[in-house]
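Count residues from 1 along the sequence. Order of appearance sets the numbers: ligands from 1, and atoms from 1 within every ligand.
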Amino acid sequence: MNYKQFNNKVIVRIDKGEELVDGLKTICKKLDIKLGSIIGIGSTDKVTIGLLNTKTKKYQLKEFTGDHEIASLVGNITMMNGEVYLHLHLTICNVEHKAIGGHLTSAIISATFEGIIDIYEGQVTREYNDDVGLNHLKL
Ligand code: FE
């Protein structure tokens with residue numbers, strides 16, 4: 001993993017074999033980023049994505065293995081209980097170029113990941129909302 005900061009933007013590279021969510025969280029901690037957005041592209045060969053079941057209020061998780069392009073990662077950076085909180089969604093494409101997507105839980109990078117973090121001034125935290133079973137933005 002490596003990164004380079006230019007004012008309020010950070011260019012990110014996460015390498016083969018590294019876990020994507022851990023890598024992004026580590027960079028946010030090192031640079032003390034408390035609020036921001038993330039976009040990125042890359043590739044993964046082991047990824048777990050979720051879908052929130054709104055009746056059970058639990059994520060249904062599914063793992064995909066083998067070569068997949070990360071066609072699009074988009075997400076935000078906030079704080080919860082004093083810790084960096086990443087909310088990331090992912091679209092991946094398989095060998096047939098079919099897209100699959102969902103809430104990103106973990107992804108092992110198979111070649112590279114290239115991301116851009118936008119840093120915003122201020123801080124936004126989250127609180128659990130029992131009605132929907134999510135950690136809502138506290139605004
Ligand atoms: Fe989500």
- Query: Taking the side chain as C-beta and beyond, is there a heavy-atom pair between N76 and I38 under 4.5 Å?
  - Reply: no
- Note on the structure: In terms of heavy-atom contacts, M80 and E127 come closest through CE-CA, 4.4 Å
- Task: With side-chain hydrogen bond (donor to acceptor under 3.5 Å, both in side chains) as the test, would you mind laying out the steps for T125 and Y85 before giving the verdict?
- Result: CA-CA 9 Å; T125 59; Y85 188 106; over 6 Å; no
- Item | Side chains of N53 and Y59, donor plus acceptor under 3.5 Å | no
- Message: Checking the side chain of E18 only, and the main-chain atoms of M1 only, is there a donor and an acceptor separated by less than 3.5 Å?
- Response: yes
- the Fe ion (ligand 1): protein N, O or S atoms [distance under 2.8 Å]: H87 NE2, H89 NE2, H103 ND1
- Any side-chain heavy-atom pair of L88 and V21 under 4.5 Å: yes
